[in-house]
Amino acid sequence: MTKVLKTKWHILCVLAAALLLALSMGGCHVIPMSDGGNKEGVTSIIGVSQANMREEWRVALINELREETDKYEDISIVTTDATGSASKQIQDIDNLIGFGIDLLIISPCDEKIMGDKIKEVHDAGIPVIVMDRAVEGFDYTLYIGPDNEVIGMQAGTYIVDLLGEKGGDVIALVGNPASVQGTERLSGFKAALEEAQNINIHEVYLGTESKDAAYDMILAAKNMVEKVDVIFTYSDTMALGVCDALRSMGLDRKVMTVDCDGFKGVDEGLDLVSQGRLKATVSCPIGGKEAIDYALSILNNESGVPKQVILRSNIIDSSNVEESINRINAQTADDGKKIRVGYSQVGQESNWRLANTKSIEESAKEFNIDLHMEIADQSQEKQFEAIRSFIKEGVDVIVVSPVVETGWDEVLREAKAAGIPVIMSDRNVVVENREENLTTTYLGADFVEEGRRAMRWIRDNVAADGGTMKIMEIMGNTGASPTEERDQGFREILSENPGYEISYSDYGDFTFEGGRKVVSEYLAQHEWDIDIIFSQNDDMALGAIEELKAHGIRPDEDVKIISVDATTEAFEAMVRGELSCAVECNPIIGPQLMKAVRDLCSGKQMPFRIITDEKVYDQSVADDYIRKRLY
Ligand code: AHR
């Protein structure tokens, strides 16, 4: 770590003393510090505020954070346990700040209550990494967490395949019903099983997540257990209890166990799969490793830090357990070998796209990556050709920004068969079967959230006083993920606000001309009767503005205009008083992409999604930000 800060060893000593004093007085529940107190060269302290230490995976997270921190001489962590109380967690954070932490990692007890506290810390200039439960808004530095519903669903789908046409009986062992994580996993699991009509689920409630309780329960339910095919439970601890009980009853060869967690370590999920005692586990990195990795990048002011990292979960059984353990242990390495990347870029339709292409080309040079980019001019056929040519060339990684979401399965299977991993950049694809793992990760914006932000700005700034406000939606190209998802997010918030309706919508293909055409075709058929235009990108909004002006309709005065992207041209239009608001979609994803390429080539486990940092701007702030725009 290269950050130059004053040595904090003495602060750590004071901190250790203060925390121990607080502990001895019973006023502060502190998990003893990692051996950071013995490190002399510490320049940065990371404060970790854990929601509670009752749930096993939270303990695992703290252990992983410690393990990772121990690899660096110059950083140290201090951890606190909020014991499930939000007011205690607020107090813990104040203590940590008082002790001079440089970065806060928090797993919030209550995402709503803690949201304000997180904002306060972030506003005070201390970077905050939120883990596990996302908070509303964007007043934090980075969010890292899993998708628990998907984890449960993966376990369910695996069991459905396992039982096949015959179907069967499954016990779902439920731990603590108050655990949000467990509840989400269970709900995903049940959703997957419900689709298969031939499986009966028997829910058995433990009320706690301990190994012993699971063991006792399985023994007590012997009559039922003998008749079932699979026992599902959503944590490694409970799974170990189940496996032990099955063995003691001589049923371990007859009844299969499937769980979630897949932790490494003796008798944890991966080990139980290796021993052949657990049929499968859905593993998901707990994120400690990723958190420390990103904390270092943040403290070093490195580029390439995203806004959200959604961790990848995988089904692990005997067929891939060894490979998975190797992957978890892999470190990012720069062995000096030049990585070759084939990039299929969608086109040159907008200023956003030009900035995006530039960012990728410049970052490839910066990261010493050999980039071969093909521009597809909005043609899926051309993208297929490009991908096939990259396969022939034998590149190390293929990156695709797809023109539309669907139709990629075949060509992606070809890349997989050739052993070339594929990263989706900026736009994502929808594949027939997620379990095929045809892509490694998605890096780009949260388009659904962009749509929501646009409608939230309208709700808060364009009053629907009395009548209904009529909205024109100018969409991108049919079938593209930003088109579909921005529309979805926009309509989601719209549906909660009865004073607004979309009265006209058409496609403008993300181009200036397309935006102009949508307005001109509307005017050819109607008198102007629109209060708000929501344009899915800036270029179309600027085209619409030109057309409105040509017809004597005053943008922003006669009609409010909200667009997505927030390019310099959009800022200029806001400063001129023509565009009302721009929701940011950040095209500068080159550094994050190249970091992901490096990680992938080092054999590192890739997150499911890596989401970029974005904000909302309107005329009230446009002047302040225009000079700082990078695109
Ligand atoms: O996929 C991102 C979108 O595509 C941008 O919002 C738009 O301007 C671009 O062409």
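Start at 1 and go down the list; that is how both ligands and their atoms are numbered. The shown structure was predicted, so the numbers you read here are calculated from the model rather than taken from an experiment.
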What atoms in ligand 1 come closer than 4.0 Å to a heavy atom of [X]?
{"X": "P482", "answer": "1 (O)"}
{"X": "D426", "answer": "1 (O), 2 (C)"}
{"X": "E349", "answer": "4 (O), 9 (C), 10 (O)"}
{"X": "S350", "answer": "7 (C), 8 (O), 9 (C), 10 (O)"}

Does [X] use its side chain to pair, donor to acceptor, with the backbone of [Y] at less than 3.5 Å?
{"X": "S389", "Y": "A386", "result": "yes"}
{"X": "Q380", "Y": "T406", "result": "yes"}
{"X": "Y343", "Y": "E361", "result": "no"}
{"X": "S313", "Y": "C284", "result": "no"}
{"X": "T567", "Y": "Y631", "result": "no"}

Backbone or side chain, does any N or O of N537 fall under 3.5 Å from an N or O of ligand 1?
yes
Do ligand 1 and W352 have nitrogen or oxygen atoms that lie under 3.5 Å from each other?
no
Quick one: look up the protein heavy atom nearest atom 5 (C) of ligand 1 and list residue, atom name and how far away it is.
D565 OD1, 3.4 Å
Quick one: look up the protein heavy atom nearest atom 3 (C) of ligand 1 and list residue, atom name and how far away it is.
R427 NH2, 3.8 Å
Using a 4.0 Å heavy-atom cut-off, say whether R486 meets ligand 1 through its side chain, its backbone, both or neither.
side chain
Below 4.0 Å from any atom of ligand 1, is there a heavy atom belonging to V564?
no
For E485 and ligand 1, answer yes if some heavy atom of the residue is under 4.0 Å from a ligand atom, otherwise no.
no
Under 6.0 Å from the six-membered ring centre of F390 and within 45° of its axis: does the NZ or CZ of R388 meet both?
no
Ring centre gap for F534 and F490 strictly below 6.0 Å:
yes
Salt bridge or not for R427 and E485, using N-O below 4.0 Å?
no
